[in-house]
Structure formats: structure tokens, C-alpha cells
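Here the structure is laid out as C-alpha cells; the discussion comes afterwards.
The model shown is predicted, which means the values in this text are computed figures rather than measured ones.
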Amino acid sequence: MLASLPADHLTPFLKCSSAHLGAWRWGSTKACERALQYRIGERIHGFTVNQVTPVPELSLTAVKLSHDGTGAQYLHLAREDGNNLFSVQFRTTPTDSSGAPHILEHTVLCGSQRYPCRDPFFKMLNRSLSTFMNAFTASDYTLYPFSTQNPKDFQNLLSVYLDAAFFPCLRELDFWQEGWRLEHEDPNDPQTPLVFKGVVFNEMKGAFTDNERIFSQHLQNRLLPDHTYSVVSGGDPLCIPDLTWEQLRRFHAMHYHPSNARFFTYGNFPLEQHLKQIHEEALSKFQRIEPRTSVPAQKPWDEPREFQITCAPDSLAEGPSGQTTISVSFLLPEYNGCTREAYFSVGLQGIAEKDVQTVRDMVDRTLDDVIEKGFEEDRIEALLHKIEIQMKHQSVSFGLTLTSYIASCWNHDGDPVELLKLGSQVAQFRKCLEENPRFLQEKVKQYFKNNRHKLTLSMKPDDKYSEKQAQMETEKLQQKVTSLSLEEKQQIYEKGLELQAQQSRPPDASCLPALRVSDIEPRIPVTELEVVQAAGDTPVQYCAQPTNGVVYFRAFSSLNALPEELRPYVPLFCSVLTKLGCGSLDYRELAQQVELKTGGLAAAPQVLPDDSHLNTYEQGVLFSSFCLDRNLADMMHLWSEVLNNPRFEEEEHFRVLVRMAAQELSNGVPDSGHLYASIRAGRTLAPAGDLQETFGGMDQVLLMKRIAEMTDLQPVLGKLLRIWKHLLSCDSLRCSVNATAQQMSQVEGAVEAFLRSLSRTEKEQRPMCPHVVEKPAPKASSGSCPVIRRLVTDPTFEPCQMKTHFLLPFPVNYVAECIRTAPYTAPDHASLKILARLMTAKFLHTEIREKGGAYGGGARLSYGGMFTLYSYRDPRSTETLQSFMKAIDWAKAGRFTQQDIDEAKLSVFSAVDAPVAPSDKGLDHFLYGLSDEMKQVHREQLFAVCHEDLVDVSNRYLGARRSTHGVALLGPDNVSIAKDPSWVIRQR
């Protein structure tokens with residue numbers, strides 16, 4: 001909920017997506033063995049042990065307990081993973097769309113009995129070394145997770161989370177700020193009109209600019225119409241103003257009780273300490289109740305149903321004639337899903353309205369074919385292989401993955417431990433198939449063909465949709481305003497001033513626990529690397545890691561020789577390369593082999609800024625994949641075929657891939673508008689900026705829209721063919737492998753064979769870029785061969801200011817201002833990194849979120865030295881740019897304390913020291929040429945930053961001439977910007 005970047009309201013589709021079950025698998029005996037000592041019936045700090053279960057496939061031991069006094073349920077997953085996680089979840093079942101659970105999730109984190117300061121949650125982001133802090137509202141539960149590697153930090157965060165959840169202040173002014181309020185447009189001027197304001201109100205207005213979100217919300221509401229799933233738990237912007245402060249308090253009293261809670265801990269910290277603290281600080285103060293929050297089963301339908309809904313036309317996708325969405329969905333009452341009863345949906349996006357019936361017929365025909373013929377054995381094996389490799393793949397946030405994975409099942413009293421036993425589930429599935437070869441066909445017939453609880457939902461664009469939504473909001477506002485008495489209007493004005501005064505008052509966070517800078521490890525752990533030359537002259541970096549039998553392979557191919565007119569097509573090339581088919585395999589056969597033998601083949605465009613020069617960068621493509629060690633030869637053979645023999649002649653499938661890529665980009669803009677604004681704002685400030693806009697900015701979104709609308713794609717395929725020919729230059733490739741030490745000899749042979757199989761282009765190929773410099777990367781180890789990186793540089797580049805407004809049909813804005821500062825190895829970079837966190841926590845959060853009503857905002861510094869101020873789902877636009885200027889003035893004046901600086905350092909180090917998965921160790925050295933020694937120097941520079949340094953960089957960089965500043969805004973028409981000739985207005 002409250003991170004500066006969005007991660008809040010879990011949509012039905014998102015929550016139903018398969019869990020990414022990565023795992024730390026080595027040395028997991030210590031924590032597991034300790035947990036195995038517990039005995040059924042044993043009582044520990046007010047809890048009773050109910051079950052102790054080893055789950056060997058995930059290298060963990062599950063301990064289920066219940067609290068004697070309240071009946072609260074508790075699950076501890078003991079595992080030798082230092083990134084420990086806590087979460088508490090409550091079943092929250094709203095009966096209307098006023099957004100009570102979502103607004104409550106925000107408001108409980110605004111202060112509590114023990115920590116009554118304003119916004120303790122955000123303040124703990126700067127007083128802790130947490131690796132994750134957030135809160136989520138799903139359709140029928142609310143989840144509060146955090147994770148950290150520091151035991152003292154864990155206790156501090158647990159204390160704050162417990163007090164927030166069970167003893168919140170729930171002040172009326174916090175409800176006004178976070179939920180919704182009527183307030184004068186200018187709170188200081190009662191003559192200005194009354195308008196709706198509030199963080200959640202604006203967040204949900206932004207959320208429902210996403211047509212995928214609109215569709216998925218309607219699908220759940222229509223398929224499960226009998227109870228809580230018929231409403232919008234996050235809040236419908238037209239219903240949010242119906243929620244009162246008293247209703248919010250009642251919702252908390254009913255739902256946030258230990259008897260309705262499920263506690264979860266994960267990792268290698270001792271369970272006893274967790275139980276003691278939870279019992280003493282929270283649960284001992286409650287008595288057991290019978291929660292009335294259960295969700296009844298949906299009554300099955302006698303006949304299928306159909307509905308049609310509308311949405312706004314997607315201005316970034318193909319023309320409106322091809323913007324219809326349709327799905328066919330079935331209720332699956334016997335299965336766990338993102339709701340009490342699972343549902344299965346299949347459909348298409350981006351079709352013509354006339355093709356709706358064709359899609360429906362296709363679904364029916366496919367089901368009939370499957371019932372008659374069954375599934376190919378290789379297809380089944382590919383999916384089972386996917387489960388196996390997910391269990392072995394190692395993620396740094398495994399605890400978070402697990403708490404999210406079990407949340408819905410556990411929420412409805414399912415057994416979370418059974419859900420974790422993936423190995424036994426796969427074994428049971430194989431047994432069913434063995435005993436009855438028609439097992440899957442019978443299930444398809446039962447759950448799909450003969451299922452009357454079937455919903456066909458279609459959505460088409462309506463040119464007047466946004467206008468109608470705005471009109472309904474206006475009518476709602478008028479209804480509220482006209483019902484007010486003069487006395488109530490005066491109270492609203494006074495409350496607005498009171499809220500403004502509260503937001504402007506310097507906060508006192510002294511009641512909150514905190515770590516000290518001295519708690520931060522002074523040195524980074526060393527990562528052992530070795531670089532050798534393979535197949536003659538290709539450098540290969542080897543990093544021995546406990547990867548649990550998985551091999552991770554990457555290859556980087558420089559594109560310095562690529563003609564400029566081909567650059568915009570590199571992202572499309574990467575998107576389709578591994579999906580078009582290769583050699584003797586068509587695209588279906590290739591997809592099946594990829595799933596059967598690997599964890600996926602991926603290609604991604606890269607713009608890698610230099611560590612010491614702002615006008616220098618490397619451009620290229622990163623290829624990456626992973627596989628079980630037994631499939632290594634097969635994976636490398638697939639890469640050889642993909643790179644040597646791609647099938648660019650498959651035009652019809654290419655057309656489908658183009659439309660999918662264009663639609664995906666368009667769908668992502670509402671969720672990532674601040675990122676697009678940031679990229680655009682930095683476009684003219686460094687040579688890499690223009691390429692970053694070309695590869696990943698709004699220019700790429702608009703290019704893909706144009707390509708998707710082309711009738712003849714042959715010219716585009718011709719460009720991709722030319723890019724392919726440039727990729728495999730002899731002197732532009734480098735590789736990296738992460739695997740166990742025992743696997744390395746096998747891996748070296750496979751990589752050597754792969755490199756020798758590549759059809760290399762001639763070495764004499766001359767770079768098209770005017771300036772290419774060779775830069776040796778720091779040696780990985782004493783015996784390693786050098787890696788020469790070829791960087792593009794422009795010694796004559798001069799930054800210039802550009803202000804761009806992308807006109808988009810959103811009711812909210814995304815604002816960014818970008819400033820050219822200092823590269824990674826410059827001493828000023830460390831000061832600027834601390835300054836960005838300081839400005840976010842101590843100024844921008846208050847100005848942009850609390851006062852301005854935006855969902856998020858802040859400042860950050862990129863590796864390439866771009867300092868960005870941004871806002872997300874922001875009701876304001878040019879006013880936010882004024883807030884950015886105020887923030888810079890605040891920093892230049894040095895209006896912060898040593899305590900503020902120390903807190904900013906803690907927050908920065910929590911990111912710098914975030915756990916790195918075995919698959920990613922050494923990646924900074926491979927891509928950027930960053931050695932452990934360089935990182936250690938940067939670390940010491942961060943420790944040394946002082947007040948004087950921060951004021952100095954504020955004045956020298958942030959207050960510098962405007963040519964080093966760029967501005968971009970994504971959002972609706974803006975009268976003041978339209979009149980200002982300094983802005984470039986871009987239509988979609």
C-alpha cells in the first residue's frame with residue numbers, strides 16, 4: 001500500500017496468477033531440525049502446537065499453532081533463509097463498494113496507541129533495514145507483510161505492525177487524508193469550489209483507467225454475484241464518498257480481531273521469540289469471539305449467463321474497431337483460487353466486435369477436441385517440468401511468495417500446509433493419470449463442458465465512456481454539496497485548514513523504534529568470480545553458487561555497430577526472437593521444447609550507463625535462461641538454433657506477436673506512468689537518454705501501436721533480419737554462468753560447444769557509431785582474463801531542457817522532473833543517493849501524497865546519474881512541479897537534521913544490502929563492470945556523507961542551470977500547459 005511506488009490493490013487476475021516458487025535450498029537443516037523438536041500439544045507463550053510437518057520439496061518444516069485465548073491461527077515455516085518474513089492477514093468481506101477494507105488498510109498505518117505519531121509506517125521505512133514493507137487489499141482479505149535480515153529490526157517492525165493492526169488511532173483527519181473528503185480546491189480560500197480529494201479516491205480513479213482492471217473486476221462481480229465478490233473491495237470512485245468515518249471504525253472492530261486473524265512467519269529466526277512478542281504485545285489483550293466474516297458458497301446457476309460492458313477506447317492500442325475483449329469463465333467450486341471458489345477464464349483481447357461469436361465457437365470446439373483426443377504427453381510433461389523447476393529456482397523473496405501463495409486458501413479455512421506439498425501433489429496427479437488415462441478429459445467434461453455456471457463477458461470501447469464517468473462524478477459531487485447546510489460548509493472549510501495544519505506540522509517520530517547506522521555491516525561480502533576465454537576469444541564469467549541443481553546462463557551481445565534507423569525495432573526483435581520458431585521447429589514446437597527443457601528463454605534490450613562518464617554507455621541485447629542441470633545440453637542447443645536459424649518467415653504468427661506486444665505495452669502505461677514520464681524527462685540530458693526513450697519509453701509504445709496497425713509487416717520483418725545479422729559479431733559477445741562448483745566442468749563444455757556452433761559475422765564489421773571506446777572491466781580474480789567492454793561515447797554532447805506533455809485520457813497525472821548529476825564512481829553520487837531518500841521521506845511524501853492527494857511520489861537517483869523527482873496517480877500537475885521546486889529549495893537550505901540523515905542512510909542501505917539470489921550473483925560485474933572493490937568504495941562514500949555534502953550537491957546539481965533539467969507529464973488536457981509555448985504537446 002504505502003511504498004512510494006505502487007504495489008497495493010491485488011486484482012482478481014493478479015492474485016490468481018501462479019506463484020513463483022523460488023527457494024533457498026542449501027543448508028536448510030538447522031532451522032528445520034529445530035522446528036522438528038516441537039511436539040503436538042506443546043504450549044509456548046500462549047500458543048499450542050497443533051501440527052509439525054516436514055516439506056522436503058521446499059526444504060522447510062511447517063509448524064501450525066493456535067492461540068489459546070483468542071483462537072488466532074499461526075503458521076511458521078522454518079527454513080535456513082536469513083530473509084525472515086512476518087505477515088498477519090484478516091478476512092475482510094465488504095458488502096458494498098465504498099472501499100472500507102482498502103481505506104482501512106491505509107488508515108491503520110497512520111498511527112496507533114503505542115506509536116501515535118503521524119504515519120509511523122512510512123517513517124519506519126527510514127528507521128529500518130527492511131527488505132520489504134507493504135500492505136495489500138485483496139477481494140476478501142487484507143495482508144500486512146514485512147521482511148528483514150536483522151533480528152532486532154524484525155522485533156521493531158513486528159511491534160509497529162502489531163500495534164497498527166490491533167490498536168490503531170483511526171483519527172478522523174487520517175480518514176479524510178487517506179480515504180476521501182470534500183475540500184475546497186484551495187483549502188485556504190472558501191470561495192473556491194468544493195471537490196473530492198483523498199489518496200485512495202485518486203488511487204482508484206487511476207486504477208480504473210486500466211481496461212484490463214475494469215474487465216477483471218466485472219468478471220468477478222458477475223461470476224460470483226451472491227456475496228462479497230459482487231462488490232469492489234478496493235472501492236469504486238463513485239461509491240467511496242458514501243463511506244463514513246463511523247462505518248470505517250465499525251469495519252475495523254468487526255474484522256481486525258485476533259479470532260479473525262492468521263499469523264505467518266518464515267525464515268531462520270527462533271519461533272519462540274515471535275510467539276512471545278505477539279502474545280504479550282497484542283493477543284493477551286483480547287478475548288475469543290466468533291467472527292461473522294465467512295463467505296458462503298456461491299449458489300450454482302441453472303443456465304449460463306452473458307453480459308456486455310463498456311470501457312474507454314485505448315488511445316495507445318490499435319484503432320477502436322479492434323479493441324473488444326471477450327472471455328468465457330467457469331466456476332470451479334472444488335478448487336482453491338483467488339476467491340473462496342476458484343474460477344477458470346479463457347479469452348482474447350484486442351479483437352473486432354464481429355469476431356466475438358467466432359471466439360466463443362473456438363472455445364467450445366477446443367473443449368470438444370480435448371474431450372475426444374486428450375492432451376499430448378509432452379504438453380503435460382512440460383507443465384510438470386515447470387513446477388519442478390519453480391521449486392528449485394531460488395528467489396530472494398521466498399517468504400513473501402509463500403504468504404501470498406497460501407493466503408486465499410488459508411483465508412477460507414483450507415489447509416495451507418497441504419498446499420505447499422507440491423511434490424506429493426504432482427505424484428498424486430501422475431498416479432491419477434496412470435490409473436485412468438482419460439482422467440484429464442473427464443475433468444474437462446465435468447468442469448467445462450457440463451458446467452452450467454458459465455459466464456460469457458465481452459467488453460467494447462465507448463467513445464463517451466470517460467465523459468460519462470466524469471459526468472457521474474460531477475453529479476455525485478453536486479448531490480453531496482447541495483445537501484450541505486451553511487454550518488456544514490463552514491465545518492468542511494475549518495477541517496480542511498486543520499488537516500493542512502496537521503500535514504505541515506513537523507512530525508515527532510521519537511516514539512518509534514529504530515536501528516542505528518552502526519548496525520549496518522561495514523563491508524560487503526566477497527563474490528568469487530572467474531573469467532576465462534572460450535571458443536577462442538569470447539569471455540565467459542563463471543560464478544560458483546549453491547543453485548540447487550539449476551544452471552543460469554546469460555549472454556550479452558553489443559549493438560554498437562547497429563545502424564540508427566534499426567534501433568527502434570530492437571525491443572520488438574527481442575520480444576519475438578524466442579517465439580517465432582527456429583530451425584526445424586515451428587513456433588508451437590519451440591514453445592513446447594522451451595517449457596520441457598528450460599525455465600524460459602528471454603531476450604531484452606539493454607542501455608548500460610558507464611560508471612564514470614555521463615556521456616558514455618553500452619548498448620546491446622541480453623539473452624538469459626535457466627534449466628535443470630540434466631537439460632543443459634538441450635538448453636544450449638535451443639539457444640544455438642534460435643540464434644543461428646530464427647524463422648522470420650512466419651508472418652502470420654509474427655502479426656499475432658506484434659499485436660500482443662503492442663497491447664501489453666498499452667496495458668502497462670496506467671500502472672507505470674511515472675516510469676514513462678521519468679524516461680521521457682531524461683531523454684535530452686545524456687546520450688543514453690534518447691536510446692532509453694527509444695527502447696523503453698512512450699516513443700516505443702507509440703511505435704508499436706503504428707506497427708500493429710500496419711497491413712503489410714514484411715518491411716518490419718526485413719528490419720528484424722538486419723538486426724539479427726548484426727548480433728553475432730565475433731568481438732561483441734560475452735557470457736556468464738552461475739551454477740554449483742560441481743557442475744562447472746560440464747557447463748564449460750556446453751558453453752564452449754554453444755559458442756563454436758554460432759554462425760559468426762566477420763570481425764571487420766565497422767561500428768556505425770562515431771565514437772566507440774574500449775574499456776577493460778576490473779579483473780574478476782587474479783587468474784581471470786580481461787573483459788573489454790566497447791562503449792559508445794559522445795564527447796561533444798550538450799544537455800538541453802525539454803518539457804513534454806503526453807495527452808492521455810486519464811483522470812490523474814504522472815509527473816517527472818529529471819536532473820543530470822554525477823555517475824556512480826563520482827564521490828557526489830553517494831551524497832545524491834542519500835539526498836534522494838532524504839527528500840522523499842522528509843519533504844516530498846508530505847507535499848505530494850498527504851497534501852496533494854497523489855498515490856505516491858518521491859525522488860530517486862539512477863546508476864547513470866539521473867536524479868528524478870516524480871509523482872504517481874496524481875490529481876495535480878503543474879502544482880506538483882512547483883512542489884519539486886520547493887523540495888529543491890528545502891534541500892539547498894539544509895533544513896534537515898543529523899537524525900534525518902541517519903534515517904536516510906538506513907533506507908539507502910536497506911536497498912544496497914538487499915539479498916541477492918544465487919542466480920544473480922556477479923551480475924553487476926558481468927553487465928556494468930562493477931567489482932566488489934568499486935562497490936566497497938561506494939559503500940564507504942555512503943557512510944561518510946554529511947550535512948555539508950548534502951547542501952553542497954543540492955546547490956551544485958539541483959539548483960543548477962535549467963539545461964540540465966528535463967520535465968515530462970502524462971495525463972489529461974491541461975489549460976495552463978496548452979498556453980505555455982515552452983511545452984511540447986504530444987498527442988497519442
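Remark: side-chain polar atoms of H385 are paired, donor with acceptor, to backbone N or O of E595 under 3.5 angstrom. With T821 contributing its side chain and G865 its backbone, the two residues share a donor-acceptor pair below 3.5 Å. N644 places a side-chain N or O within 3.5 Å of a backbone atom of S757 that can act as its donor or acceptor partner. In this structure, R659 contributes its side chain and G350 its backbone to a donor-acceptor pair below 3.5 Å.
Residues that satisfy the ring-ring contact (aromatic ring centres under 6.0 Å, His included) test with F573, not counting sequence neighbours, are absent from this structure. Partners of E709 by salt bridge (charged side-chain N to carboxylate O under 4.0 Å, His left out), not counting sequence neighbours, listed by chain and number: K705. In this structure, the salt bridge (charged side-chain N to carboxylate O under 4.0 Å, His left out) partners of D610, at least two apart in sequence or on a different chain, are K775. For A317, the side chain to side chain contact (heavy atoms under 4.5 Å, CB included) test picks out D314, Q323, Q663, S666, with sequence neighbours left out. H829 is linked by a ring-ring contact (aromatic ring centres under 6.0 Å, His included) to Y824, H938, counting only residues two or more places apart in sequence or in another chain. A search for side chain to side chain contact (heavy atoms under 4.5 Å, CB included) contacts involving S624 returns R554, A602, not counting sequence neighbours. For R588, there are no salt bridge (charged side-chain N to carboxylate O under 4.0 Å, His left out) partners, not counting sequence neighbours. Partners of P670 by side chain to side chain contact (heavy atoms under 4.5 Å, CB included), not counting sequence neighbours, listed by chain and number: T209, D210, F810, Y814. With sequence neighbours excluded, no residue forms a ring-ring contact (aromatic ring centres under 6.0 Å, His included) with Y569. With sequence neighbours left out, F754 forms a ring-ring contact (aromatic ring centres under 6.0 Å, His included) with F553.
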Going through the checks in order, is the side-chain contact (heavy atoms from CB on, under 4.5 Å) test met by L755 and V540?
-> CA-CA 10 Å; L755 290 171; V540 182; 4.1 Å; yes
Please report the C-alpha distance between E664 and N667 in whole Å, then the side-chain angles of each, then the deciding distance to 0.1 Å, and finally whether the side-chain contact (heavy atoms from CB on, under 4.5 Å) criterion is met.
-> CA-CA 5 Å; E664 193 174 320; N667 291 345; 5.5 Å; no
From CA spacing to verdict: side-chain contact (heavy atoms from CB on, under 4.5 Å), L685, M866 | CA-CA 8 Å; L685 302 183; M866 292 299 141; 4.1 Å; yes
Would you please test F626 and I389 for side-chain contact (heavy atoms from CB on, under 4.5 Å) and show each step?
-> CA-CA 9 Å; F626 60 98; I389 203 167; 3.7 Å; yes
Which is it for E589 and R647 under the salt bridge (charged side-chain N to carboxylate O under 4.0 Å, His left out) test, yes or no, and what are the steps along the way?
-> CA-CA 12 Å; E589 292 165 335; R647 289 172 61 161; 5.3 Å; no
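Side-chain atoms of W983 and L969, non-hydrogen and from C-beta on, do get closer than 4.5 Å to each other. With a 4.5 Å cut-off on side-chain heavy atoms, D671 and Y872 count as touching. In this structure, the side chains of D920 and N738 stay at 4.5 Å or more apart for every pair of heavy atoms. A 4.5 Å side-chain heavy-atom check between V792 and P687 finds every atom pair outside the cut-off.
Residues G600 and V594 approach most closely at CA-CG1, 3.8 Å, considering heavy atoms.
Among pairs with a residue in residues 683-705, none fulfils ring pair (Phe, Tyr, Trp, His ring centres under 6.0 Å), at least two apart in sequence or across chains. Screening residues 574-587 for salt bridge (Lys or Arg N to Asp or Glu O under 4.0 Å) gives no qualifying pairs among residues at least two apart or on separate chains.
Looking at R567, R683, R680 one by one, the single match for salt bridge (charged side-chain N to carboxylate O under 4.0 Å, His left out) with D690 turns out to be R683. When Y863, Y617, F556 are each tested for a ring pair (Phe, Tyr, Trp, His ring centres under 6.0 Å) with Y928, only one passes: Y863.
Shown here is E651, whose CD atom has more than 12 heavy atoms of other residues, nucleotides or ligands within 6.0 Å.
Between R734 and E618 there is a salt bridge, since at least one side-chain N of the basic residue sits less than 4.0 Å from a carboxylate O of the acidic one. In summary, R655 and D712 do not engage in a salt bridge, as defined by a charged side-chain N under 4.0 Å from a carboxylate O.
Taking the centre and axis of the six-membered ring of Y870, the NZ or CZ atom of R860 falls inside the cone set by 45° and 6.0 Å.
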